Amino acid sequence: MKTDKYKLLAALVRSFFESFSLGIIDNSHMEKAEDRNSAQTVKKLMLEHYEHIAPVFFDTLFFPLAAMNFEYADIERVVREAQQKGDDMMALVKTACASDAMYEAMVTEYKRNFSNLLAGRYASTADHLLSYTKGEGAEDIDTDRAIELTVRVVMYAYARGLRRGTEGRKSVRQASLFHLLIDAMNVLLLDKAMKFDDDDELAAMFLKVCINEHNFTVMTSEMDRTFDELVRKEGITQK
């Protein structure tokens, strides 16, 4: 299977902002759903961490963006050449995007998602699928790789939100992570917002958004691999 690169790009940027912000919210230790999900909470926390968002975005998205457009073996060379030229953070991101059109789409998605958060809201899945930046004649990417990159962004962005501004180890809130991954797979693999039945179990919900068993296996395998990285690199634990 193949996935349109612009659709993947939009899924990555959306997943970063949703996951990073929810990590920050989970780190605030609010237990009441009405407090956690309120527009006032989202706006307040995003403004408190405003200056952190761009650098964390770069740290989280550079590799997935580069992996969209370059073979893994070439990424180190691309980074080395950019550093030799003295490229700054945004120039490196532009290099990772590999084309002006893809870079402009990334900037548009960044602004759209960031503006939503500063307004205290998240775009619905349906709104995202209707409004994300689409490119003409876009190349495709292997769907397995697209799933892997999206899972990586969700989990790293969430972990870095958890870690923001505090010391010590942090535990993943499983309900948050599963919500983020279901939403991410929906916007990556489907063209409409999936509706779930009240009696749907978690595995059934994941299978609906993953479309088939193969995609589900790719997603869960990458979840396991990335979580092992987070334990080693980010000091994350699982409740």
Side-chain angles (χ1 to χ4, degrees), residues 1-26 30-38 42 60 64 113 116 121-132 140-159 161-162 170-231 236-239:
M1 290 179 61
K2 298 290 184 180
T3 298
D4 180 271
K5 281 189 177 182
Y6 282 93
K7 191 172 190 186
L8 171 57
L9 174 69
L12 294 178
V13 177
R14 172 189 172 87
S15 294
F16 168 80
F17 279 102
E18 285 205 342
S19 302
F20 184 64
S21 61
L22 189 52
I24 291 172
I25 290 170
D26 282 355
M30 295 180 190
E31 296 299 331
K32 293 183 179 179
E34 59 268 29
D35 293 334
R36 290 167 49 82
N37 300 324
S38 72
V42 175
T60 307
N113 283 276
N116 283 336
R121 68 183 184 90
Y122 300 94
S124 69
T125 301
D127 285 345
H128 171 86
L129 289 169
L130 180 66
S131 305
Y132 78 86
D140 292 332
I141 185 172
D142 182 78
T143 297
D144 285 7
R145 180 181 280 195
I147 292 170
E148 291 166 354
L149 295 174
T150 304
V151 170
R152 179 183 178 89
V153 166
V154 168
M155 295 183 70
Y156 264 91
Y158 177 71
L162 278 179
K170 291 296 169 186
S171 296
V172 168
R173 188 171 183 266
Q174 285 191 339
S176 294
L177 190 57
F178 291 153
H179 161 76
L180 291 166
L181 287 165
I182 286 171
D183 193 53
M185 292 301 104
N186 193 157
V187 299
L188 176 69
L189 298 173
L190 298 169
D191 293 322
K192 63 179 181 180
M194 177 58 67
K195 295 182 179 179
F196 302 106
D197 298 326
D198 291 339
D199 58 350
D200 275 346
E201 296 183 354
L202 183 64
M205 296 169 69
F206 271 117
L207 279 172
K208 283 184 177 181
V209 294
C210 287
I211 303 175
N212 56 49
E213 289 276 0
H214 174 79
N215 291 342
F216 177 76
T217 299
V218 172
M219 181 198 70
T220 54
S221 295
E222 185 62 22
M223 285 173 60
D224 292 341
R225 190 191 69 78
T226 303
F227 187 76
D228 286 343
E229 281 189 16
L230 292 174
V231 171
I236 293 298
T237 60
Q238 187 170 0
K239 288 183 179 179

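Residues: numbered from 1 along the sequence shown. Both backbone and side-chain heavy atoms feed into the values below; hydrogens, waters and symmetry mates do not. The structure presented is a predicted model; accordingly, all values stated were derived computationally and were not measured.
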| task | Work out which heavy atom in Ala126 is nearest to a heavy atom in Ala193; give both atom names and the distance. | result | N-CB, 4.0 Å

Side-chain polar contacts of residues 195-202 - donor-acceptor pairs under 3.5 angstrom, sequence neighbours left out - could you list them?
unit_1, atom_1, unit_2, atom_2, d
Asp200, OD2, Asp197, N, 2.9
Asp200, OD2, Lys208, NZ, 2.7

| field | Inter-residue atom distance Phe17.CZ - Thr60.OG1, 0.5 Å rounding | value | 10.5 Å

| field | Results of salt bridge (Lys or Arg N to Asp or Glu O under 4.0 Å) for Asp224 - residues two or more places apart only | value | none

| field | Criterion side chain to side chain contact (heavy atoms under 4.5 Å, CB included) against Ser15, the qualifying member of Leu180, Thr150, Asn113, Leu188 | value | Thr150

| query | Rounded to the nearest 0.5 Å, how far apart are CD1 of Ile25 and CZ of Phe20? | reply | 11.0 Å

| field | Heavy-atom pair of closest approach, residues Val231 and Ile236 | value | CG2-O, 3.4 Å

| query | What is the distance from atom NE2 of His179 to atom OH of Tyr158, rounded to the nearest 0.5 Å? | reply | 11.0 Å

| message | Please find the pair of heavy atoms, one from Arg152 and one from Pro64, that lie closest to each other, and give the distance. | response | CD-CG, 4.4 Å

| said: If I take atom CD1 from residue Ile182 and atom CZ from residue Phe206, how far apart are they, to the nearest 0.5 angstrom? | reply: 4.5 Å

| request: Provide the closest heavy-atom pair for Asn116 versus Ala123 in the form atom of the first, atom of the second, distance. | output: ND2-CB, 3.6 Å

| Distance, nearest 0.5 Å, that separates CZ of Phe227 from CG of Leu177 | 9.0 Å

| request: Please identify each residue that fulfils side chain to side chain contact (heavy atoms under 4.5 Å, CB included) with Lys2, with sequence neighbours left out. | output: Asp140, Asp142

| request: Scan residues 184-194 for pairs that pass salt bridge (charged side-chain N to carboxylate O under 4.0 Å, His left out), counting only residues two or more places apart or in two chains. | output: Lys7-Asp191

| message | How close do Ile141 and Lys5 get, counting heavy atoms only, and between which atoms? | response | CB-CG, 4.2 Å

| Contact summary for Leu8 and Ala146, nearest pair of heavy atoms | CD1-O, 3.7 Å

| said: Within this structure, what is the CG-CG distance for the pair Leu181 and Asn186, rounded to the nearest 0.5 Å? | reply: 12.5 Å

| Between Val209 and Leu189, is a side chain to side chain contact (heavy atoms under 4.5 Å, CB included) present by the stated rule, with each step listed? | CA-CA 7 Å; Val209 294; Leu189 298 173; over 6 Å; no

Show the atom names and distances, to 0.1 Å, of all donor-acceptor pairs under 3.5 Å that link a side chain in residues 215-222 to residues at least two apart or in another chain.
unit_1, atom_1, unit_2, atom_2, d
Asn215, ND2, Cys210, O, 2.9
Thr217, OG1, Glu213, O, 3.0
Thr220, OG1, Phe216, O, 3.1
Thr220, OG1, Thr217, O, 3.1
Ser221, OG, Thr217, O, 2.9
Glu222, OE1, Arg225, NE, 3.2
Glu222, OE2, Arg225, NE, 3.4
Glu222, OE2, Arg225, NH2, 2.6
Glu222, OE2, Thr226, OG1, 3.1

| query | Can you tell me if Asp26 and Ser176 form a side-chain donor-acceptor pair at under 3.5 Å? | reply | yes

| query | Among pairs that include at least one residue of residues 13-25, which meet salt bridge (charged side-chain N to carboxylate O under 4.0 Å, His left out), considering only residues two or more places apart or in two chains? | reply | Arg14-Glu18, Arg14-Asp183

